[in-house]
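Chain A is the first sequence line, chain B the second, and so forth, proteins listed ahead of strands; every chain is numbered from 1. The structure presented is a predicted model; accordingly, all values stated were derived computationally and were not measured.
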Amino acid sequence: MLQLQTLRDNKDTIIAALQKRNIDAAPIVDSVLLLDEKRRSTQTELDNTLAESNKLSKEIGNLYKTGKAQEANVLKEKTGTLKEDSKRFGDELNAITEQLQQLLYQIPNVPHESVPAGSTEDDNEEVFKEGDIPVLKEGSLPHWELAKKYDIIDFELGVKIAGAGFPVYKGKGARLQRALITYFLDKNTEAGYTEMQVPHMVNEASGYGTGQLPDKEGQMYHIGADDLYLIPTAEVPVTNIFRDEIVNEQDFPICMTAYTPCFRREAGSYGAHVRGLNRLHQFDKVEIVRVEHPEKSFDALDGMVEHVKNILRELKLPYRILRLCGGDLGFTAALTYDFEVFSTAQDRWLEISSVSNFETYQANRLKLRYKDENGKSQLAHTLNGSALALPRVLAGILENYQTAEGIQIPEVLVPYCGFDMIK
RNA sequence: GGAGAAAUGGCAGAGUGGUCGAAUGCGGCAGUCUUGAAAACUGUUGAGGGUCACACCUCCGGGGGUUCGAAUCCCUCUUUCUCCGCCA
């Protein structure tokens, strides 16, 4: 959520920047500013009314104490209209505040200056590319075929138990999953991220805190009986650790990592590109989350990008990094780098990580602040990234590491797997 | 699931109708002392709105109510603790 003060001070710049997202924010920003003014004037009226009745109440109290009940009763009568007024102003204020809040929820984050203009993923800017794309021999298979051939992932079994998009990993497939999770967590903790285990369901307040609500309401599984949401990413519970918190400036950087399953309804996204592991309702992901000083957050973002690069180098997977264009940028992000691995047998790039800086957008919703050197509360910056999302990494490994003899296990994973080949 | 108790500032903990944004202790910060540190002493120390700055307003788990006036009384929800039951 954008800060009102910033919106007041930089209205035109913000509207101009939001054009990169291909939206004309002018009308909504105008309504916000108008409502804000109304809010403040109503607040003042309410405050004045309350101040007066506070004063009267004190007088009445003093009169009673000095035994002047008669005079007190006279004053009491005057409080009637004040009460009505304050009730009226109060209700009005609540309504305006609610309205204002709803409008603010609808304005996405302001893209960083480096975000390229554009409307679709085709306009994303490739900023880095590394690793050799293996040339596969005749008869090489996409991962869903490999999964079947070596009996390591059973998609049909998942359909039977839950539905499409809930694969069952078997034997060495399951072990490889676990190996990847442990390997990622080890890499992250080595880099200074503290490992966390967090709830896989969150309440409504958490959903609002990180911005999944109300924007992506339909993308999360909702448990009606208890009003909880299955997490679409560990970002939600991990970042919400710091909801309503004021941290010390010297606590920065706050670095956390967590493995969780992720649940996404993926409503409406069916088609040729969702085969196999490409798009699932439940998948595993190891996430890194940072809370940062505003001046350091973009350095931190670069650091996170380097960190993910290192992991992909170790796995020896060909990948590229994209800077998302305005049209593809997530609602809450100011700047996002997507990592994609090349899936050789499918001959396409698969997104495996998304690293973002949210600046104060989430922090404002979360009320995540820090004390600056003058002792004043300031909003912190939040960032997160996948390090990494499992299924597509797995798809990349299966396809790129396939040989006539079987699937080779990347060297760094062998100690975690206990085998070096899936035959 | 049943019965009871409780929810106050970073923490502990007082406060049962007005002078309470809230005693006291610990912690934090600043200072005195000290070569430095510790101890001791002194001062300071919640959040938000509002204002050029003051004033002023709101917040004692959430919501509603009683009252001229509520941390304090009533209703309700949530959470925590204790006991019983069930159970990984």
Peer 1: Which whole number of Å gives the distance between the C1' atom of B/G1 and that of B/G65?
Peer 2: 31 Å
Peer 1: Quick one: A/L56 CG to B/C57 P, roughly how many Å, whole number?
Peer 2: 13 Å
Peer 1: Need to verify one output field. Residue with the more 5' nearest nucleotide on RNA chain B, A/K83 or A/T44?
Peer 2: A/T44
Peer 1: Going by atom types only, do A/N364 and A/Q3 share a side-chain donor-acceptor pair under 3.5 Å?
Peer 2: no
Peer 1: Can you tell me the distance, in whole Å, between the NZ atom of A/K58 and the C1' atom of B/C20?
Peer 2: 10 Å
Peer 1: Can you tell me, in whole Å, how much space there is between the P of B/A6 and that of B/C74?
Peer 2: 11 Å
Peer 1: Rounded to whole angstroms, how far apart are CD1 on A/I246 and C1' on B/G10?
Peer 2: 10 Å
Peer 1: Which nucleotide, if any, forms a Watson-Crick or G-U wobble pair with B/G36, using both distances under 3.5 Å?
Peer 2: none
Peer 1: Just say parallel, tilted or perpendicular for the rings of A/Y221 and A/H281, cut-offs at 30° and 60°.
Peer 2: perpendicular
Peer 1: RNA chain B: A/T79 or A/K87, which has the more 5' nearest nucleotide?
Peer 2: A/K87
Peer 1: Taking B/G13 as the reference, what is the distance to B/G31 when you measure between their C1' atoms (whole Å, please)?
Peer 2: 29 Å
Peer 1: Using atom C1' of each nucleotide, how far apart are B/A71 and B/U58 to the nearest Å?
Peer 2: 14 Å
Peer 1: Using whole Å, report how far CG of A/L46 lies from C1' of B/A55.
Peer 2: 16 Å
Peer 1: A/R323 and salt bridge (Lys or Arg N to Asp or Glu O under 4.0 Å): which single residue from A/E125, A/E113, A/E121 fits?
Peer 2: A/E125
Peer 1: Given the P atoms of B/G25 and B/G61, what is the spacing between them in whole Å?
Peer 2: 23 Å
Peer 1: Report each atom pair, protein N/O against N/O of nucleotides 86-88 of chain B, whose distance is under 3.5 angstrom.
Peer 2:
none

Peer 1: Using a heavy-atom cut-off of under 4.0 Å over every strand shown, decide if A/I60 touches base, sugar-phosphate, or nothing.
Peer 2: base
Peer 1: Please find the pair of heavy atoms, one from A/C325 and one from A/T120, that lie closest to each other, and give the distance.
Peer 2: SG-O, 3.3 Å
Peer 1: Using OP1 and OP2 only, check whether a side-chain N or O of A/N54 sits under 4.0 Å from B/C57.
Peer 2: yes
Peer 1: Using the C1' atom as the point on both nucleotides, what is the distance between B/A30 and B/C81, in whole Å?
Peer 2: 40 Å
Peer 1: Within this structure, what is the NZ-to-P distance between A/K376 and B/G48, rounded to whole angstrom?
Peer 2: 9 Å
Peer 1: Does any nucleotide pair with B/C81 by Watson-Crick or G-U wobble geometry, both distances under 3.5 Å, and what is it?
Peer 2: B/G4
Peer 1: Using the ring centroid of each side chain, check whether A/Y370 and A/H293 are separated by less than 6.0 Å.
Peer 2: yes
Peer 1: Reckon A/S53 has a side-chain N or O less than 4.0 Å from the OP1 or OP2 of B/C68?
Peer 2: no
Peer 1: Using both distances under 3.5 Å as the test, list the Watson-Crick or G-U wobble partner of B/A53, or none.
Peer 2: none
Peer 1: Check the side chains of A/S206 and A/R243 for a donor-acceptor pair under 3.5 angstrom, ignoring hydrogens and angles.
Peer 2: yes
Peer 1: Given B/G49, B/G69, B/A47, which nucleotide is nearest the side-chain atoms of A/Q43?
Peer 2: B/G49
Peer 1: Counting only Watson-Crick or G-U wobble pairs whose two distances fall under 3.5 Å, which nucleotide matches B/A88?
Peer 2: none
Peer 1: Considering Watson-Crick and G-U wobble pairs with both distances under 3.5 Å, what does B/G31 pair with?
Peer 2: B/C41
Peer 1: Considering only atom C1', compute the distance from B/A12 to B/U8 and round it to an integer number of Å.
Peer 2: 12 Å
Peer 1: Without decimals, in angstroms, what is the distance between A/N62 CG and B/U19 P?
Peer 2: 10 Å
Peer 1: Is the closest side-chain donor-acceptor distance between A/Y193 and A/H307 under 3.5 Å?
Peer 2: no
Peer 1: Ignoring hydrogens and angles, answer whether the base of B/G49 and the side-chain atoms of A/D47 contain a donor-acceptor pair closer than 3.5 Å.
Peer 2: yes
Peer 1: So, is A/R369 close to the B/G48 phosphate, meaning a side-chain N or O under 4.0 Å from OP1 or OP2?
Peer 2: yes
Peer 1: Return the value, rounded to whole Å, for the distance between atom CG of A/L4 and atom C1' of B/G50.
Peer 2: 13 Å
Peer 1: Counting only side-chain heavy atoms from C-beta out, which of B/G50, B/C68, B/C57 sits nearest to A/S57?
Peer 2: B/C68
Peer 1: Return the value, rounded to whole Å, for the distance between atom CD of A/E245 and atom C1' of B/C11.
Peer 2: 13 Å
Peer 1: With no hydrogens and no angle check, just 3.5 Å: does a side-chain donor-acceptor pair link A/N357 and A/E292?
Peer 2: no
Peer 1: Please determine, for B/A23, whether a Watson-Crick or G-U wobble partner exists with both distances under 3.5 Å, and give it or none.
Peer 2: none
Peer 1: Determine the Euclidean distance between corresponding C1' atoms of B/U45 and B/C57; express it in Å to zero decimal places.
Peer 2: 23 Å
Peer 1: Quick one: do the A/Y229 and A/E217 side chains pair a donor with an acceptor below 3.5 Å?
Peer 2: yes
Peer 1: When the ring centroid of A/F298 is compared with that of A/H381, is the distance short of 6.0 Å?
Peer 2: no
